[in-house]
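As a basis for the values below, the full set of heavy atoms in this structure was taken, side chains included, without hydrogen atoms, waters or symmetry mates. The residues of the chain are indexed from 1 along the displayed sequence.
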Amino acid sequence: MSPDLTAEFAHLDSRIDRFVERVGGYSPEIQAAPFGKSFSPLKAVEHMCLVDKGYVDLVAKFNKEKYAGKVGKPNFFYRFVVKSMTKPSNQAAPTIKKFSPESAMPLEESTLKWKEQRAKIVQHLSQFGDNDVAMKHPFFGLMSPRDIFILIEKHQDYHDVRLPK
């Protein structure tokens with residue numbers, strides 16, 4: 001990955017810290033209460049961890065040699081999902097069951113796991129050029145580190161605006 005994209009991922013890491021600080025600053029009642037049709041703040045942190053774990057599982061299966069020299073080209077569904085994450089904060093997008101937390105784990109535990117998963121993603125992506133295929137996603141197709149960054153960034157944006165003010 002280029003130094004610029006590496007810096008953009010580092011910025012996302014700092015956003016994790018700010019997100020968790022916001023959640024930690026809420027009363028226990030607000031932390032546990034769903035916000036509109038979205039997850040509770042505690043479950044939102046765990047959800048982010050589960051989604052990043054999904055990416056880690058995908059990159060673990062990735063056959064680097066098979067896609068060497070190819071450029072990432074996500075499909076139309078990727079663009080649809082990225083666009084759907086720009087909905088107003090009073091509208092929630094559905095998520096698949098695999099990424100829905102069953103019960104809220106403690107904030108410290110979900111934060112640690114989220115950061116561990118994110119670090120594994122970045123470690124994998126660091127082996128590739130910004131636009132090289134670095135992951136084959138079952139719904140989005142062949143994705144580059146840049147594509148993955150955009151998806152993760154938009155996902156963080158989506159949940160940032162859905163935290164209580």
Within the distance-only criterion (no hydrogens, no angle test), does the side chain of [X] pair as donor or acceptor with the backbone N or O of [Y] below 3.5 angstrom?
| X | Y | value |
| --- | --- | --- |
| Glu46 | Met105 | yes |
| Gln127 | His124 | yes |
| Glu153 | Leu12 | no |
| Arg22 | Asp160 | yes |
| Asn75 | Tyr78 | yes |

Give, for atom CD of Gln117 and atom CG of Leu112, the distance between the pair rounded to the nearest 0.5 Å.
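Between Gln117 CD and Leu112 CG, I get 10.0 Å after rounding to 0.5 Å.
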Grouping I, L, V, M, F, W and Y whenever their side-chain heavy atoms are under 4.5 Å apart, do [X] and [Y] come out in a common cluster?
| X | Y | answer |
| --- | --- | --- |
| Ile148 | Val133 | no |
| Ile150 | Phe77 | yes |
| Met85 | Ile152 | yes |
| Phe128 | Met1 | no |
| Val51 | Phe149 | yes |

Pairing residues for Arg118 by the salt bridge (charged side-chain N to carboxylate O under 4.0 Å, His left out) criterion, not counting sequence neighbours:
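If we apply the salt bridge (charged side-chain N to carboxylate O under 4.0 Å, His left out) test to Arg118, skipping adjacent residues, the hits are Asp52.
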Do Thr111 and Val45 touch side chain to side chain, with heavy atoms closer than 4.5 Å?
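Thr111 reaches Val45 side chain to side chain.
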Going by heavy atoms in the side chains, are Lys97 and Glu102 under 4.5 Å from each other?
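Yes, their side chains come closer than 4.5 Å.
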What is the ring orientation for His47 with Phe39, classed by angle as parallel under 30°, tilted 30 to 60°, or perpendicular over 60°?
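The rings of His47 and Phe39 sit tilted, inter-plane angle from 30° to 60°.
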Anything under 30° is parallel, anything over 60° is perpendicular, the rest tilted; go ahead and classify His155 against Tyr158.
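Correct class here is parallel.
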Going by atom types alone, do Asp147 and Ser144 pair a side-chain donor with an acceptor below 3.5 Å?
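Distance-only check passes for Asp147 and Ser144.
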Please determine whether a side-chain nitrogen of the Lys or Arg among Asp57 and Lys53 lies less than 4.0 Å from a carboxylate oxygen of the Asp or Glu.
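A salt bridge is present here (some side-chain N lies under 4.0 Å from a carboxylate O).
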Is Glu116 salt-bridged to Lys120, cutoff N-O under 4.0 Å?
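No, Glu116 and Lys120 are not salt-bridged.
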Residues forming a side-chain contact (heavy atoms from CB on, under 4.5 Å) with Glu108, sequence neighbours excluded
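Testing Glu108 for side-chain contact (heavy atoms from CB on, under 4.5 Å), a comparison that skips the adjacent residues, returns Pro106.
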